[in-house]
Peer 1: 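Submitted below is the structure of interest, expressed as structure tokens.
Every value quoted in this text rests on a predicted model; they were computed, and no experiment measured them.
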Amino acid sequence: KGDIAVMGPLTATIPERLNSAGKITSTFKLGELFCGPGGLSLGAVQAKIQKKDSVYSVEHEWAADYDPDSCKTYARNISRNPESVICKDVRTLRIEDLPNIDAFAYGFPCNDFSLVGKQKGFNGEFGPLYVYGVKVLNHFEPKFFLAENVGGIASANDGEAFKRILGDLEKAGCGYSLTVHLYKAEEYGIPQTRHRIIIVGIDKRLNLRFKVPAPTTAVSPKTVREALENPPIPSYVPNQELTKQSCLVAERLKHIKPGQNVWNAVLPKHLKLNVKGAKLSQIYKRLHPDLPAYTITGSGGGGTHGYHWKEPRALTNRERARIQTFPDNFVFSGSKESVRRQIGMAVPPKLSEQIFCAILKVFAGIQYSSVVPSWDNQETLFNVNAESVK
């Protein structure tokens with residue numbers, strides 16, 4: 001079950017105030033780059049930790065993204081002040097003009113680090129964008145930060161990209177103690193096999209160390225049937241439009257059993273795909289109701305939309321959102337494909353919430369069960385724990 005994380009004393013000031021109930025609240029103001037629709041921040045603002053008469057929490061201060069639909073979604077669901085959500089290319093954003101923050105989060109673009117694709121790393125258009133997060137850390141020196149990316153980042157540019165990113169994050173501001181781990185979402189109550197590297201850094205001056213919270217559902221993961229049917233999705237909720245499947249696709253799906261894809265199903269000749277080279281396992285793959293869903297993606301052509309186990313159709317965006325643990329009252333803005341992209345690129349809010357809760361426990365000095373991180377920090381050289389990342 002892992003060890004118990006024992007935290008040291010708080011050695012620096014955290015913003016405090018009295019709430020309406022007369023309790024002391026320690027609230028971290030959060031800034032975010034590449035915010036997308038708000039998966040990370042929704043989990044952050046939902047995280048609350050109470051210790052005696054003190055409450056530790058996170059509140060939104062500002063967020064930025066270049067995609068107008070994502071910014072509209074974020075402003076509608078996360079921020080009470082639309083002006084706090086800046087829709088702008090990060091390369092033209094004046095970081096020094098943003099309000100002060102105590103905490104920072106960013107899922108820097110993963111396009112060039114993904115295992116699906118050419119994995120260009122620093123040689124791609126998006127790889128170098130992580131440096132804007134480093135600039136935020138240098139300017140604001142927040143007490144902690146959280147950075148997220150795909151597992152493929154660890155092997156991009158023969159591993160040199162990851163090592164450089166970790167080194168830059170560790171040296172940013174006045175220095176950060178890093179905890180780097182490959183989180184398997186299905187082990188934390190998320191009904192989806194989604195694996196992401198998450199880096200948590202705490203200002204070294206605080207003499208605190210974040211530890212990876214122990215998995216909660218490693219033995220009995222939440223199934224996609226439970227996610228979509230308990231409770232059933234009401235027909236009137238937003239983003240629940242059905243996709244109009246062609247007769248050919250519908251016929252093909254009827255021959256594919258739950259858990260199968262177009263390559264291992266027994267199909268009539270006219271329903272088979274004529275594809276040479278790599279055959280992605282998710283092509284026309286139907287979900288298995290008694291297992292977590294496979295990874296919900298934000299882009300891709302025919303056969304990549306995720307498919308219901310019982311009905312011969314693609315998932316609706318609300319079903320995708322359920323699998324990503326967005327609540328039904330979270331409304332996504334934009335076209336159907338834009339919403340699909342937003343959902344697929346997001347961090348599951350319930351995973352984010354658990355990690356932010358653990359961070360708040362660190363600052364509150366509360367013990368919690370933990371596991372060994374996938375990477376160990378030895379004088380800025382991060383040595384992979386191979387057993388942890390299989």
Peer 1: Is the gap between the ring centers of Trp263 and Tyr284 under 6.0 Å?
Peer 2: no
Peer 1: Test side-chain contact (heavy atoms from CB on, under 4.5 Å) on Ser299 and Arg341; report intermediate values, then the result.
Peer 2: CA-CA 6 Å; Ser299 61; Arg341 180 186 53 75; 5.6 Å; no
Peer 1: Could you check whether Glu187 and Thr216, counting side-chain N and O atoms only, form a donor-acceptor pair closer than 3.5 Å?
Peer 2: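 On atom types as modelled, these side chains do not qualify, holding no pair under 3.5 Å.
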Peer 1: Pairing donors with acceptors under 3.5 angstrom, does anything connect the side chains of Ser374 and His181?
Peer 2: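 Yes, because at least one side-chain N or O of Ser374 sits under 3.5 Å from a partner of the opposite role on His181.
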Peer 1: Is there a donor-acceptor contact under 3.5 Å from the side chain of Thr325 to the main chain of Ile190?
Peer 2: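 Not confirmed, Thr325 side chain does not pair with Ile190 backbone.
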Peer 1: When rounded to the nearest 0.5 angstrom, what distance separates CE in Met345 from CG in Asp65?
Peer 2: 9.5 Å
Peer 1: Please check if the number of heavy atoms outside Lys310 that lie under 6.0 Å from its NZ is greater than 12.
Peer 2: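 Open: at most 12 neighbouring heavy atoms sit under 6.0 Å from NZ of Lys310.
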Peer 1: Is there a chain of hydrophobic side chains (I, L, V, M, F, W, Y, each step under 4.5 Å between heavy atoms) that links Val331 to Phe326?
Peer 2: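 Shared cluster, no.
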Peer 1: Atom CG of Leu178 and atom CH2 of Trp375: how far apart are they, to the nearest 0.5 Å?
Peer 2: 12.5 Å
Peer 1: Go through the structure and list residues passing ring-ring contact (aromatic ring centres under 6.0 Å, His included) with Phe144, not counting sequence neighbours.
Peer 2: Phe28, Phe363
Peer 1: Determine yes or no for a side-chain-to-main-chain donor-acceptor pair under 3.5 angstrom, with Ser84 supplying the side chain and Asn81 the backbone.
Peer 2: yes
Peer 1: Answer yes if Ile256 and Leu291 sit in the same cluster of Ile, Leu, Val, Met, Phe, Trp and Tyr residues linked by side chain heavy atoms under 4.5 Å apart, and no otherwise.
Peer 2: no
Peer 1: Could you walk me through whether Ser333 and Asp69 pass the side-chain hydrogen bond (donor to acceptor under 3.5 Å, both in side chains) test, one step at a time?
Peer 2: CA-CA 6 Å; Ser333 299; Asp69 289 339; over 6 Å; no
Peer 1: Is the count of non-hydrogen atoms from other residues, nucleotides or ligands lying under 6.0 Å from Lys254 atom NZ greater than 12?
Peer 2: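 Not more than 12 within 6.0 Å, no.
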Peer 1: Under a 3.5 Å distance rule, please check whether Asn239 uses its side chain to pair with a backbone N or O of Phe332 as donor and acceptor.
Peer 2: yes
Peer 1: Taking side chain as C-beta onward, heavy atoms only, is Ile199 less than 4.5 Å from Thr179?
Peer 2: no
Peer 1: Can Asp67 and Ser70 be counted as having a side-chain donor-acceptor contact under 3.5 angstrom?
Peer 2: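 Side-chain D/A pair, Asp67 to Ser70: present.
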Peer 1: Are Leu248 and Leu273 grouped together when hydrophobic residues (ILVMFWY) are joined by side-chain heavy atoms under 4.5 angstrom apart?
Peer 2: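 Yes, one cluster joins them.
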Peer 1: If you apply the rule side-chain contact (heavy atoms from CB on, under 4.5 Å), what do you find for Tyr368 with Val362, and how did you get there?
Peer 2: CA-CA 9 Å; Tyr368 62 92; Val362 171; 3.7 Å; yes
Peer 1: Given 3.5 Å as the limit, does a donor-acceptor pair link the side chain of Arg205 with the main chain of Cys174, or not?
Peer 2: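 Checked: no pair found.
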Peer 1: Between Ser41 and Tyr74, is any side-chain donor less than 3.5 angstrom from a side-chain acceptor?
Peer 2: yes
Peer 1: To the nearest 0.5 Å, tell me how far Arg320 CZ sits from Leu228 CG.
Peer 2: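 Arg320 atom CZ to Leu228 atom CG measures 11.5 Å (nearest 0.5 Å).
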Peer 1: Just by distance, with hydrogens left out, do His255 and Gln260 show a side-chain donor and acceptor under 3.5 Å apart?
Peer 2: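 The criterion, which ignores hydrogens and geometry beyond distance, is not satisfied for Gln260 and His255.
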Peer 1: Before you tell me yes or no, could you show the steps for His308 and Glu319 under side-chain contact (heavy atoms from CB on, under 4.5 Å), namely the whole-Å CA-CA distance, both residues' side-chain angles and the distance that decides it to 0.1 Å?
Peer 2: CA-CA 9 Å; His308 201 277; Glu319 288 170 332; 3.8 Å; yes
Peer 1: I'd like to know if the side chain of Gln192 pairs up with that of Glu186 as donor and acceptor (distance under 3.5 Å, no hydrogens or angles considered).
Peer 2: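 No.
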Peer 1: Set out, in order, the CA-CA distance, both residues' side-chain angles and the distance that settles ring-ring contact (aromatic ring centres under 6.0 Å, His included) for Tyr183 and Tyr188, then state yes or no.
Peer 2: CA-CA 9 Å; Tyr183 287 81; Tyr188 290 87; 5.7 Å; yes
Peer 1: Just wondering, more than 12 heavy atoms not from Glu96 lying within 6.0 Å of its CD?
Peer 2: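 Above 12, so yes.
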Peer 1: Check whether any side-chain N or O of Glu61 sits under 3.5 Å from a backbone N or O of Pro99 as a donor-acceptor pair, and report yes or no.
Peer 2: no
Peer 1: Any chance the rings of His288 and Tyr294 have centres within less than 6.0 Å?
Peer 2: no
Peer 1: Tell me whether Asn264 contacts the main-chain N or O of Asn261 through its side chain, where contact means a donor paired with an acceptor under 3.5 Å.
Peer 2: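 Present.
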Peer 1: Which distance, rounded to the nearest 0.5 Å, do you find between the OG1 of Thr73 and the CD1 of Ile78?
Peer 2: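 Reported value, rounded in 0.5 Å steps: 10.0 Å.
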Peer 1: Scan side-chain atoms only and decide if Gln50 and Ser54 contain a donor-acceptor pair under the 3.5 Å cut-off.
Peer 2: no
Peer 1: Would you say the side-chain atoms of Thr223 and Asp290 include a donor-acceptor pair closer than 3.5 Å?
Peer 2: no
Peer 1: Is there side-chain contact between Asp102 and Pro142, with heavy atoms separated by less than 4.5 Å?
Peer 2: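 In short, these two side chains do not touch, never coming nearer than 4.5 Å.
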Peer 1: State the CG-CD distance between Leu146 and Glu32, to the nearest 0.5 angstrom.
Peer 2: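 One gets 9.5 Å once the value is rounded to the nearest 0.5 Å.
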Peer 1: So, the side chain of Arg318 versus the backbone of Pro238: is there a donor-acceptor pair under 3.5 Å, distance only?
Peer 2: yes
Peer 1: Go through the steps for Leu42 and Asn77 under the test side-chain contact (heavy atoms from CB on, under 4.5 Å), then give the verdict.
Peer 2: CA-CA 8 Å; Leu42 180 60; Asn77 296 277; over 6 Å; no
Peer 1: Verify whether one side chain among Tyr130 and Asp168 offers a donor that lies under 3.5 Å from an acceptor in the other.
Peer 2: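 Tyr130 vs Asp168: donor-acceptor pair found between side chains.
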Peer 1: Does CZ belonging to Arg76 count more than 12 external heavy atoms closer than 6.0 Å?
Peer 2: no
Peer 1: Got a donor-acceptor contact below 3.5 angstrom from the Ser79 side chain to the Ala75 backbone?
Peer 2: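 Not confirmed, Ser79 side chain does not pair with Ala75 backbone.
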Peer 1: For a quick check under 3.5 Å, do His305 and Arg340 share a side-chain donor-acceptor pair by atom type?
Peer 2: yes
Peer 1: State which residue, out of Arg194, Gln354, Glu353, Arg196, fulfils the side-chain contact (heavy atoms from CB on, under 4.5 Å) condition with Pro348.
Peer 2: Arg194
Peer 1: Do the numbers put Arg313 on top of the ring of Tyr307, so that NZ or CZ is under 6.0 Å from the six-membered ring centre and no more than 45° off the axis?
Peer 2: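 Relative to the ring axis of Tyr307, which defines the angle, Arg313 lies outside at least one limit.
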Peer 1: Starting from Val136, can I reach Leu98 by hopping between I/L/V/M/F/W/Y residues whose side chains sit under 4.5 Å apart?
Peer 2: yes
Peer 1: Rounded to the nearest 0.5 Å, what's the gap from CG on Leu315 to CZ on Arg322? Could you check?
Peer 2: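 These two atoms lie 12.5 Å from each other.
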Peer 1: Check whether Asp89 reaches the backbone of Tyr66 with its side chain - one donor and one acceptor, N or O, closer than 3.5 Å.
Peer 2: no
Peer 1: Have Gln240 and Thr316 got a donor and an acceptor in their side chains that come within less than 3.5 Å?
Peer 2: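 Judged by distance alone, the side chains do pair up.
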